[in-house]
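Index from 1, following the sequence. In each ligand, atom 1 is the first atom listed, and ligand 1 is the first ligand listed.
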Amino acid sequence: MTPPPQIYINDTTLRDGEQAAGIAFSLDEKVAIATFLDTIGIQEMEVGIPAMGRDEAQAIHTIANLGLNAQLLGWNRAVLSDIQASINCGLKRIHISVPVSDIQIQVKFQGQWAKMFKQLQETITFARDHGLDVSVGGEDSSRADETFLLEAAQFAQENGAFRFRFCDTVGILDPFTTFEKVRKLVAVLAIPVEMHTHNDLGLATANALAGIRAGAVSINTTVNGLGERAGNAALEEVVMALRQIYGLKTNIQTERLLELSRFVAKTVNCPVPPWKAIVGANTFAHESGIHAHGVLHNPSTYEPFDPKDVGWQRRFVVGKHSGRHLLSQVLQNYDIHLDASNSQLLLNAVRDLSTQLKRSLTVDELLTLASQEGLGVAII
Ligand SMILES: CC(=O)SCCNC(=O)CCNC(=O)[C@H](O)C(C)(C)COP(=O)(O)OP(=O)(O)OC[C@H]1O[C@@H](n2cnc3c(N)ncnc32)[C@H](O)[C@@H]1OP(=O)(O)O
Ligand SMILES: O=C(O)CCC(=O)C(=O)O
């Protein structure tokens with residue numbers, strides 16, 4: 001199946017992202033993140049849960065009055081007072097979530113699926129009567145009986161939902177199963193399908209893409225993959241994977257993804273690991289001899305795309321795994337020229353020091369080693 005030409009990002013950093021244990025944005029932080037997301041071209045964002053009241057409702061109200069270009073969505077249970085709270089925040093578009101798996105319906109509606117449908121109908125009607133656009137989410141869609149999931153989604157559509165969200169709430173699917181389930185949903189619905197995937201098995205981004213391959217047109221993301229437990233599909237991964245793998249546009253300024261990632265990481269006081277896809281510090285750092293040699297000749301040897309596309313600059317670092325081509329390249333900037341024998345001696349010294357320090361070396365450390373090996377000029 002051919003994926004559609006444009007995919008919509010509905011970023012939920014401010015809702016599911018903030019549900020990550022230990023994270024709590026202030027009003028100013030919520031406003032700053034919403035503004036940043038809007039500036040780089042995010043089309044839609046889930047800004048929070050109005051039913052939480054007080055500060056959360058005030059933050060949502062404030063964001064709703066910023067005049068952002070993005071569509072704003074408030075998250076709700078199928079509870080009338082939740083919808084009223086969303087209305088009070090000045091939102092024009094809301095999301096209503098209902099459980100669709102047996103296990104979730106048992107816990108939240110004592111197994112009474114008819115009660116769930118009734119509350120869904122009442123809340124959609126109430127919201128629409130107040131002029132709101134309503135998206136509906138099937139919580140735990142991945143574990144739901146497939147026939148029941150299709151019935152629930154069709155019920156949402158018949159009652160006026162403009163979109164249905166397929167949720168892999170506990171992150172248990174693989175991309176193949178996701179594809180099959182979403183394909184069936186897309187086949188019976190006239191309204192668009194949105195993907196909401198969790199990363200419990202490290203497959204959130206892959207499963208979101210599988211949903212797109214199956215015909216979904218919108219993806220919930222979070223910056224740095226923040227979110228419940230192991231988090232959600234990361235905005236930066238989804239946007240770049242859509243572009244690199246499928247050539248799909250999201251109209252998002254990818255050059256600012258790194259800046260956004262750093263901003264959110266600082267706000268939540270939670271740095272991303274160096275190996276984190278797209279935004280980790282090592283994503284365009286080359287230390288290994290064979291890699292550096294290749295990249296020096298042609299960057300695409302070991303880079304999936306131009307680092308500038310996401311705001312990075314390529315870095316070469318000298319360390320335990322480096323080879324003589326990289327050493328020569330770095331040292332020639334200091335007018336130090338290596339031959340076969342002294343480069344091997346210097347490489348040995350680099351490996352020893354790097355192993356001892358358990359990190360790559362600074363340029364000063366490299367120059368000191370070179371000097372100790374009798375190479376070059378005295379270090380200032
Ligand atoms: C998969 C997800 O991410 S779902 C979103 C999860 N996010 C959050 O929970 C964060 C914000 N939540 C909150 O601030 C609070 O949970 C509130 C304000 C929504 C509700 O708070 P409380 O009234 O104290 O209830 P509490 O959180 O303890 O329990 C949840 C209640 O919501 C009900 N509920 C849960 N999901 C739904 C739903 N989709 N539709 C209707 N009711 C629901 C539960 O059955 C339970 O109801 P009960 O009080 O009648 O037993
Ligand atoms: O929007 C919904 O229906 C639930 C979304 C969610 O956070 C989840 O399923 O993990």
Side-chain angles (χ1 to χ4, degrees), residues 10-25 44-57 59-60 73-86 88-89 93-101 103-124 126-127 134-144 149 152-153 156 161 163-173 178 181 185 193-201 203-204 207-208 211 216 218-222 225-233:
N10 178 5
D11 189 84
T12 183
T13 303
L14 295 176
R15 199 278 295 173
D16 206 324
E18 198 190 22
Q19 285 176 207
I23 292 182
F25 296 129
E44 187 174 1
M45 54 184 100
E46 205 165 50
V47 287
I49 304 177
M52 289 172 68
R54 282 193 359 192
D55 297 353
E56 179 74 354
I60 295 167
L73 203 67
W75 190 94
N76 302 269
R77 297 169 298 173
V79 171
L80 288 175
S81 57
D82 282 30
I83 314 301
Q84 186 59 56
S86 279
N88 296 345
C89 286
R93 176 179 274 220
I94 63 159
H95 180 81
I96 301 176
S97 173
V98 281
V100 289
S101 67
I103 187 166
Q104 296 274 348
I105 294 173
Q106 185 59 41
V107 168
K108 293 166 186 178
F109 287 89
Q110 299 74 48
Q112 300 169 54
W113 55 265
K115 186 176 170 203
M116 180 277 278
F117 278 120
K118 185 165 174 284
Q119 277 185 226
L120 178 58
Q121 187 168 44
E122 280 171 3
T123 46
I124 297 178
F126 182 70
V134 180
S135 146
V136 168
E139 188 184 5
D140 213 11
S141 300
S142 44
R143 291 192 293 185
L149 173 65
R163 184 173 61 205
F164 185 80
R165 177 182 293 177
F166 176 95
C167 303
D168 183 16
T169 300
V170 288
I172 43 96
L173 292 184
T178 303
K181 286 180 184 289
L185 202 50
V193 173
E194 175 167 271
M195 298 301 298
H196 182 98
T197 53
H198 276 276
N199 209 31
D200 299 71
L201 295 174
L203 291 167
N207 288 337
S218 171
I219 302 181
N220 286 163
T221 61
T222 59
L226 278 177
E228 286 280 357
R229 305 180 310 280
N232 291 68

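- Atom numbering of ligand 2 starts at 1 in the shown order; those under 4.0 Å from a heavy atom of Arg15 are 5 (C), 6 (C), 7 (O).
- Residue contact check: Val79 has heavy atoms under 4.0 Å from atoms 41 (C), 42 (N) of ligand 1.
- Judged by distance alone, with hydrogens and angles left aside, the side-chain atoms of Asn207 form a donor-acceptor pair with the main-chain N or O of Leu173 at under 3.5 Å.
- Taking only nitrogen or oxygen atoms, main chain and side chain alike, Arg77 reaches within less than 3.5 Å of ligand 1.
- Looking only at protein heavy atoms, the nearest one to atom 1 (O) of ligand 2 is His95 NE2, 2.7 Å.
- Distance check for atom 15 (C) of ligand 1: every protein heavy atom is found at 4.0 Å or beyond.
- With rounding to the nearest 0.5 angstrom, the OG atom of Ser101 is 10.5 Å from the CD atom of Gln106.
- Of all atoms in ligand 2, listed by their number and element, those nearer than 4.0 Å to a heavy atom of Gly137 are 3 (O).
- Annotation: the span from Asn232 atom CG to His196 atom NE2 amounts to 4.5 Å, rounded to 0.5 Å.
- The nearest heavy-atom contact from the protein to atom 9 (O) of ligand 2 is Thr169 OG1, 2.6 Å.
- Against a heavy-atom cut-off of under 4.0 Å, Ser97 is close to the following atoms of ligand 1: 38 (C), 39 (N), 40 (N).
- Not close to ligand 1: Met116, with no non-hydrogen atom less than 4.0 angstrom away.
- For atom 34 (N) of ligand 1, the nearest protein heavy atom lies under 4.0 Å away.
- Residue-ligand proximity, Trp75 to ligand 1, at heavy-atom distances under 4.0 Å covers atoms 4 (S), 5 (C).
- Taking atom 3 (O) of ligand 2 as the reference point, the nearest protein heavy-atom neighbour is Ser97 OG, 2.8 Å.
- Regarding atom 10 (O) of ligand 2, its nearest protein heavy-atom neighbour is His198 NE2, 2.9 Å.
- Heavy-atom contacts of Trp75 reach the following atoms of ligand 2: 1 (O), 2 (C), 4 (C) (cutoff under 4.0 Å).
- Taking only nitrogen or oxygen atoms, main chain and side chain alike, Thr169 does not reach within less than 3.5 Å of ligand 1.
- Numbered from 1 in the order shown, with element, the atoms of ligand 2 that lie under 4.0 Å from a heavy atom of Cys167 read 2 (C), 3 (O), 4 (C), 5 (C), 9 (O).
- The ligand atoms of ligand 1 that sit less than 4.0 angstrom from a heavy atom of Pro99 are 39 (N).
- Contacts with ligand 2 closer than 4.0 Å are made by no heavy atom of Glu194, backbone or side chain.
- Shown in contact with Arg15 at under 4.0 Å from a heavy atom are these atoms of ligand 1, numbered in order with element: 2 (C), 3 (O), 5 (C).
- Close approach of ligand 1 to Glu139 is summarised as follows: ligand atoms under 4.0 Å from at least one heavy atom of the residue are 1 (C).
- At least one protein heavy atom sits closer than 4.0 Å to atom 41 (C) of ligand 1.
- In this structure, Glu228 does not count as a contact residue of ligand 2, since none of its heavy atoms falls inside 4.0 Å of the ligand.
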Item to check | CA sep, side-chain torsions, deciding dist, call: Glu46, Asn220, side chain to side chain donor-acceptor pair (under 3.5 Å) | outcome: CA-CA 9 Å; Glu46 205 165 50; Asn220 286 163; 5.3 Å; no
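- Here His196 has no heavy atoms under 4.0 Å from ligand 1, in either its backbone or its side chain.
- The protein non-hydrogen atom at the shortest distance from atom 6 (C) of ligand 2 is His196 NE2, 3.1 Å.
- A side-chain contact (heavy atoms from CB on, under 4.5 Å) with Val134 is found for exactly one of Ile83, Ile124, Asn76, namely Ile124.
- At under 3.5 Å, not a single nitrogen or oxygen of Gln119, backbone or side chain, sits near a nitrogen or oxygen of ligand 1.
- When all heavy atoms of His198 and Asp16 are compared, the closest pair comes out as NE2-OD2, 3.1 Å.
- The distance criterion of under 3.5 Å between nitrogen or oxygen atoms is not met by Asp140 with respect to ligand 2.
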